[in-house]
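We name chains A, B, ... by the order of the sequence lines, and we start the count at 1 in each one. Atom set for the values below is all heavy atoms of this structure, side chains included, hydrogens, waters and symmetry mates excluded.
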There are 2 protein chains.
Amino acid sequence: MTVTLADVAARAQVSPATVSRVLNGNYPVAASTRERVLKAVDELDYVLNGPASALAAATSDLVGILVNDIADPFFGIMAGAVQSEIGGPGGRAGGERLAVVCNTGGSPERELTYLTLLQRQRAAAVVLTGGAMEDAGHQAAVAAKLRKLTEAGTRVVLCGRPPAPGTGAIALTFDNRGGGRELTEHLIGLGHRRLGYIAGPEERTTTRHRLEGHRAALAAHGIEEDARWTVHGPYDRQSGYEATLELLRRDPSLTAVVAANDTVALGACAALRDSGLRIPRDVSVAGFDDLPFSIDAVPALTTVRLPLAEAGARAGRIAMGRQEAPIGGIATVRGELMVRGSSGAPRA
Amino acid sequence: MTVTLADVAARAQVSPATVSRVLNGNYPVAASTRERVLKAVDELDYVLNGPASALAAATSDLVGILVNDIADPFFGIMAGAVQSEIGGPGGRAGGERLAVVCNTGGSPERELTYLTLLQRQRAAAVVLTGGAMEDAGHQAAVAAKLRKLTEAGTRVVLCGRPPAPGTGAIALTFDNRGGGRELTEHLIGLGHRRLGYIAGPEERTTTRHRLEGHRAALAAHGIEEDARWTVHGPYDRQSGYEATLELLRRDPSLTAVVAANDTVALGACAALRDSGLRIPRDVSVAGFDDLPFSIDAVPALTTVRLPLAEAGARAGRIAMGRQEAPIGGIATVRGELMVRGSSGAPRA
DNA sequence: TGCGATACAGCAAGCGCTTTCTATGCGCTA
DNA sequence: TAGCGCATAGAAAGCGCTTGCTGTATCGCA
């Protein structure tokens, strides 16, 4: 039925061992023999049985990439960058690896299940992207899983995610707090004093850090925050739209709206427009991430650029052992404030 | 070192066979025994060895999803939908499957390599999304691969991709031609007679079909197309920007620009704005796909909505054998014209 | 009480590959 | 010419799991 190594061996008149060695190329095989084997492989259209070789060799060429939402370019960009460095087909590394991206949908259970699945497959490496849940129980469970993975020899890299001490995982963390602070300081510098904030989902590290940065900026400038100025919601456009209407309802005198990310900011812009407000004349808007579409918003979005592709690529290289891990296993990746048309001085 | 089935068996005082059966749950096991086994599994923190069981059972729970560009929401949305139906962790199906998305980057070689890798892993199913390359050699190679996969029992579904006759693959095809035609007819109906077209990369089915639809509309209305009115380029924003400038250079009298997709259209809008032209007063713009951000363009983009999520979900269900394949193995998914602010009557 | 049917549990034979160890042939050197 | 080492090929023992087949109690029923 299916062609096996033994069939190839028989056809090439050599032992299965030799065929295996030709295919893996890590043992001397005479050129003439090799050629004969390759010819047989070709004629028989032989395809190696992955599970069998993984079992025998006790290793696999699977690399897992966990993302919260695959439909969100934030993750897509990182995942693509990781993958390009993993050395999957066409990647710059030699060995062919199956880089697989797993969509957790932001669900803790799925995240854990995917990690188990990856562990089960004896993945060569795992990259976790994006913010983590702050639920203590879940964090402990993930940490335990990660420790087990690293102990089993799987390289684990966190990309855009806070460190997980004691797990052996390498962390490339985004400086969400610093970025958030810089962004809000920019607005304050422009003269804003009443700023609405549309935060991401609660219990997420990203949400909290960005919000903390925002508040730190307010505090640093002696602006007392009004509890009505903050609204939480998911990381999507609709949330931004609704949250903005809500903010306006709570305090129509706001002169700026800071969103948890660009997608949310887009929703905010739409809500403002629909409310008859002009950006930035009436209300300034700011996002976070600098996704590709942000520059095309009208006016273009003021935001914090996160080097998603660079960070992903670095994470990929580290996962493949082609680049050294940062000292201490932790590196902080900073964002860059991008001032564009959506922010301006408030009306006097 | 690592815990194996045998260890669990020893601890639970049963045979390995019994443990296996408890874990796979497809054979009667006394409740008391099951409990003992589960307890041992838990205590030992046992994780099944994926490759080993795949080898022994000659099946795997891997499902591959091929996409051209994972950073593009067009693919992200489809991939996410497929995945949610695959029954990966948290999906609505019971069995835990590892749904993996593979990023081909639009490269034929990578596509082929990923298919081989998936074949090697004895994937349970494969979903290919997005347009195909039109290179005859490559198409034949892919077709051969697909045939081999289906013959080996892997279910293959094409989502948003033309059928591959004789391969046993199920196809859910987007009606790119019809959508393209409808879109251009809308513009013609508005009074446009000189329409620029920014096509996607050559040698792609999607590119060709959309362009054909556009031309069919022109022909149907007796508009003779000027060769200068079409420019090809990749599916990205920058391409749209540059192509638009080029079109304007070639024929400043164009009153509408039709883009191969929304991302390209965004670039076109930016180019028009930067050229001091107003949308739609001076030039109308239209996209394709109706990605989430399109409604946030200013003015909102007139485009053709493709039910990406629905199609992906359906593809996923078919791949899992939870929904019947369309008769003949081919179904056409139609788009819906979304008329928005970016298109209007040309100035008299 | 006796007999077939039933419900579990175990044995053991692989699944297709990798890899260690061993065998063989050959070219050289002394 | 005998002896040694190197280059290469093969034999065979698993890797950890699944599953067909073979027991062996236990149960129902007459």
Nearest-Å distance for atom pair CG/P, residues B:Asp7 and D:dC15: 12 Å
Closest-nucleotide ordering on DNA chain D, the 5'-leading residue of B:Leu48 and B:Arg21: B:Leu48
Non-hydrogen atoms of B:Ala309 and B:Ala81 that approach each other most closely: O-CB, 3.2 Å
N-O pairing of B:Arg161 and B:Glu111 below 4.0 Å: yes
Pair of N/O donor and acceptor under 3.5 Å linking D:dA7 base with A:Tyr27 side chain: no
Phosphate-side-chain proximity, B:Ser15 and C:dG10, N/O vs OP1/OP2 below 4.0 Å: yes
Side-chain H-bond candidate by donor/acceptor type, A:Lys148 with A:Gln119, under 3.5 Å: no
Selected nucleotide, minimal atom distance to B:Ala17 side chain, candidates C:dG16, D:dA11, C:dA12: C:dA12
Nearest-nucleotide comparison on DNA chain D, the residue closer to the 5′ end among A:Ala31 and B:Val47: A:Ala31
Gap between atoms CG and P, on A:Asn49 and C:dC15 respectively (whole Å): 12 Å
Whole angstrom value for the distance that separates C1' of C:dT18 from CG of B:Leu55: 12 Å
Any B:Thr18 side-chain N or O less than 4.0 Å from OP1/OP2 of C:dG10: yes
B:Ser15 versus B:Thr18, side-chain donor and acceptor atoms under 3.5 Å: yes
Of B:Arg36 and A:Ala52, the one whose closest DNA chain C nucleotide lies more 5': B:Arg36
Length of the CG-C1' vector between B:Leu23 and D:dT18, whole Å: 12 Å
Of the listed nucleotides C:dC8, C:dT18, D:dT18, the one nearest the side chain of B:Pro28: C:dC8
B:Glu43 bridged to B:Arg11 by N-O distance under 4.0 Å: yes
Spacing between A:Leu5 atom CG and C:dT19 atom P, to the nearest angstrom: 12 Å
C:dT18 OP1/OP2 closer than 4.0 Å to side-chain N/O of A:Asn24: yes
Sugar-phosphate, base or nothing in reach of B:Ser20, heavy atoms under 4.0 Å: base
Nearest-nucleotide comparison on DNA chain C, the residue closer to the 5′ end among B:Ala57 and B:Gln13: B:Gln13
Phosphate OP1/OP2 of C:dA9 contacted by B:Thr33 side-chain N/O (<4.0 Å): yes
Integer-rounded Å distance: D:dG16 C1' and A:Gln119 CD: 15 Å
A:Leu44 CG to C:dG16 P, straight-line distance once rounded to whole Å: 14 Å
